[in-house]
Amino acid sequence: MTKLLSMNRRNFLQASAAGLLSGTMPGLMSSPAAAQTALTVGFIYVGPKDDYGYNQAHAEGAAVIKAMPGVTLVEEENVPETVDVQKTMESMINLDGATLLFPTSFGYFDPHMLAMAAKYPDIQFRHCGGLWQEGKHPANTGSYFGYIFQGQYLNGIAAGHATKSKKIGFIAAKPIPQVLQNINAFLLGARAVDPTITCQVIFTGEWSLAVKEAEATNALVDQGADVITCHVDSPKVVVETGAGRGAFICGYHANQSPLAPEKYLTGAEWAWGNVYSDFVKKAQAGEKLGNFVRGGLKDGFVKMSALGPGVSEAGRKAFEATQAQMMKGGFSVFKGPLKDNKGDTVVAAGKSYAEDAIELESMNYLVEGVVGSTA
């Protein structure tokens with residue numbers, strides 16, 4: 001059934017749209033009163049919705065709005081970052097009556113979402129990431145993202161208390177600013193516990209490549225890393241491989257504790273349900289949607305997995321104390337003096353970045369103590 005739906009959307013749009021548009025489309029109500037609140041929302045995922053990672057986190061957020069009054073949810077998974085996503089968006093608009101679309105994957109934005117936004121100026125598109133720029137991109141588009149590096153800092157605190165080798169590991173897809181923020185924050189959290197801790201990073205070059213993720217995890221363990229986290233689409237392979245080798249795990253994107261209940265320390269999770277429900281409420285009320293939406297732990301964009309049995313009492317206290325500071329607001333993960341791993345000063349003494357600093361979205365360095373390269 002899923003394959004048939006996908007085939008219809010991508011291959012038979014032209015043949016089907018005219019007939020549907022002449023009648024009543026799903027998501028459109030003839031009653032003026034109902035039209036004020038009825039809303040069809042489309043979600044597009046680059047992978048499966050149950051990947052224990054990036055796509056599952058968004059799907060969990062979509063499930064929250066599915067339960068909201070007046071909302072019809074349309075979803076499609078496993079859509080590649082090619083012209084296929086344009087066909088999917090167009091079919092959601094013309095076949096399903098969607099007026100608010102969330103193409104969630106990084107590569108959907110340019111040129112795909114932008115092309116559809118130009119073609120359908122009355123449809124609202126919101127993209128997960130940091131690519132939208134005022135004055136450059138259409139007003140019916142926008143971006144949303146969260147300061148999940150705060151969660152990786154808390155992961156680092158848990159890792160700093162758990163490591164015996166003083167070596168922690170990070171498996172990353174690509175050295176873009178959002179990934180570099182997470183790598184740096186993970187080590188800085190650990191170094192708040194012990195300044196001698198180092199972090200080895202391995203870039204796989206792909207958001208989802210199970211073989212390389214398994215190889216990288218084994219390589220980190222072989223080099224002495226005894227706590228591992230990651231920034232790839234699905235942490236499942238990293239979690240299972242690392243725990244299978246005896247390493248502790250800090251999760252990312254969603255809750256992976258069921259995959260390694262004894263070795264899972266905690267995890268930085270998205271709380272997209274809060275973000276999506278806010279967008280939907282505004283759309284239903286006829287209010288303007290934000291074009292550049294950001295938030296952190298205190299704003300409900302990010303949450304932490306429950307602490308696992310491998311977290312010591314000292315680790316628990318340090319974790320909870322720092323989390324409480326973050327919830328109050330104003331906690332600085334990146335503060336000077338801070339050098340990169342080439343020895344250059346990147347944050348001067350006395351300077352610090354608040355969690356909402358726009359400058360962080362252009363981060364292009366790895367901090368001192370990270371063994372690895374952005375090249």
Side-chain angles (χ1 to χ4, degrees), residues 52-54 147-210 212-243 245-254 256 260 263-269 304-305 333-334 338 340-342 360 363-375:
Y52 279 98
Y54 184 86
Y147 304 120
I148 201 165
F149 63 82
Q150 294 180 315
Q152 282 288 12
Y153 186 89
L154 290 170
N155 273 350
I157 289 177
H161 281 275
T163 181
K164 298 293 190 294
S165 66
K166 309 303 179 185
K167 296 179 181 179
I168 58 179
F170 201 113
I171 295 147
K174 300 180 181 184
I176 65 172
Q178 293 161 1
V179 176
L180 300 181
Q181 290 169 22
N182 285 331
I183 297 167
N184 292 336
F186 182 56
L187 177 61
L188 291 173
R191 285 199 154 188
V193 179
D194 185 340
T196 68
I197 292 173
T198 59
C199 178
Q200 173 77 44
V201 60
I202 297 178
F203 291 98
T204 65
E206 300 290 342
W207 294 111
S208 181
L209 197 58
K212 282 192 175 181
E213 289 160 11
E215 290 174 347
T217 305
N218 281 315
L220 290 176
V221 175
D222 289 343
Q223 294 169 35
D226 56 1
V227 185
I228 293 172
T229 191
C230 63
H231 186 156
V232 295
D233 271 5
S234 174
K236 187 174 187 293
V237 169
V238 174
V239 172
E240 292 180 331
T241 304
R245 291 290 307 276
F248 283 111
I249 302 296
C250 290
Y252 187 62
H253 287 316
Q256 292 99 36
K263 289 295 185 177
Y264 194 81
L265 298 175
T266 184
E269 299 183 38
M304 297 302 295
S305 305
V333 170
F334 300 100
L338 185 63
D340 64 17
N341 64 356
K342 297 176 183 178
L360 294 177
M363 184 174 286
N364 63 356
Y365 58 82
L366 291 169
V367 298
E368 185 178 26
V370 176
V371 182
S373 173
T374 60

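Numbers here are sequence positions counted from 1. The basis for the numbers below is simple: all heavy atoms, side chains too, and nothing from hydrogens, waters or symmetry mates.
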Quick one: does any side-chain atom of [X] pair with a main-chain N or O of [Y] as donor and acceptor, under 3.5 Å?
| X | Y | result |
| --- | --- | --- |
| Gln200 | Thr198 | no |
| Gln256 | Tyr52 | yes |
| Thr229 | Cys250 | yes |
| Asn364 | Pro177 | no |
| Asp226 | Ser165 | yes |
| Thr163 | Ala159 | no |

Strictly under 6.0 Å, is that where the ring centroids of His231 and Tyr252 end up?
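Yes, ring centres under 6.0 Å apart.
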Say you draw a straight line from [atom1] of [X] to [atom2] of [Y]; how long is it, rounded to the nearest 0.5 Å?
| X | Y | atom1 | atom2 | answer |
| --- | --- | --- | --- | --- |
| Met304 | Gln152 | CE | CD | 8.0 Å |
| Leu220 | Cys230 | CG | SG | 10.5 Å |
| Ser234 | His253 | OG | NE2 | 8.5 Å |
| Lys342 | Glu368 | NZ | CD | 14.0 Å |
| Ile168 | Arg191 | CD1 | CZ | 9.0 Å |
| Lys164 | Phe248 | NZ | CZ | 6.5 Å |

Non-hydrogen side-chain atoms of [X] and [Y] separated by less than 4.5 Å:
| X | Y | result |
| --- | --- | --- |
| Thr241 | Asn218 | yes |
| Arg245 | Asp222 | yes |
| Val201 | Val371 | no |

With sequence neighbours left out, what residues match Ala158 under side-chain contact (heavy atoms from CB on, under 4.5 Å)?
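By the side-chain contact (heavy atoms from CB on, under 4.5 Å) rule, Ala158 matches Leu265, Thr266.
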Looking only at heavy atoms, what is the nearest atom pair of [X] and [Y], with distance?
| X | Y | result |
| --- | --- | --- |
| Phe170 | Cys199 | CB-SG, 3.9 Å |
| Tyr365 | Leu180 | N-CD1, 3.8 Å |
| Val239 | Ala260 | CG1-CB, 3.9 Å |
| Asn184 | Val367 | OD1-N, 2.9 Å |
| Ala219 | Ile202 | CB-CD1, 4.0 Å |
| Leu360 | Phe149 | CD1-CZ, 3.6 Å |

Scan Val227, Leu188, Leu187 and name whichever one has a side chain to side chain contact (heavy atoms under 4.5 Å, CB included) with Ile197.
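Going through Val227, Leu188, Leu187 one by one, the side chain to side chain contact (heavy atoms under 4.5 Å, CB included) with Ile197 is satisfied by Leu187 alone.
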Output, in order, the C-alpha distance, side-chain angles, deciding distance and verdict of side chain to side chain contact (heavy atoms under 4.5 Å, CB included) for Val370 and Phe186.
CA-CA 10 Å; Val370 176; Phe186 182 56; over 6 Å; no
Could you go through Gln150 and Leu154, starting from their C-alpha distance and side-chain angles, then the distance that decides it, and tell me whether this counts as side chain to side chain contact (heavy atoms under 4.5 Å, CB included)?
CA-CA 6 Å; Gln150 294 180 315; Leu154 290 170; 5.8 Å; no
The test is side chain to side chain contact (heavy atoms under 4.5 Å, CB included); show your working for Val237 and Thr217 and say whether it passes.
CA-CA 9 Å; Val237 169; Thr217 305; 5.6 Å; no
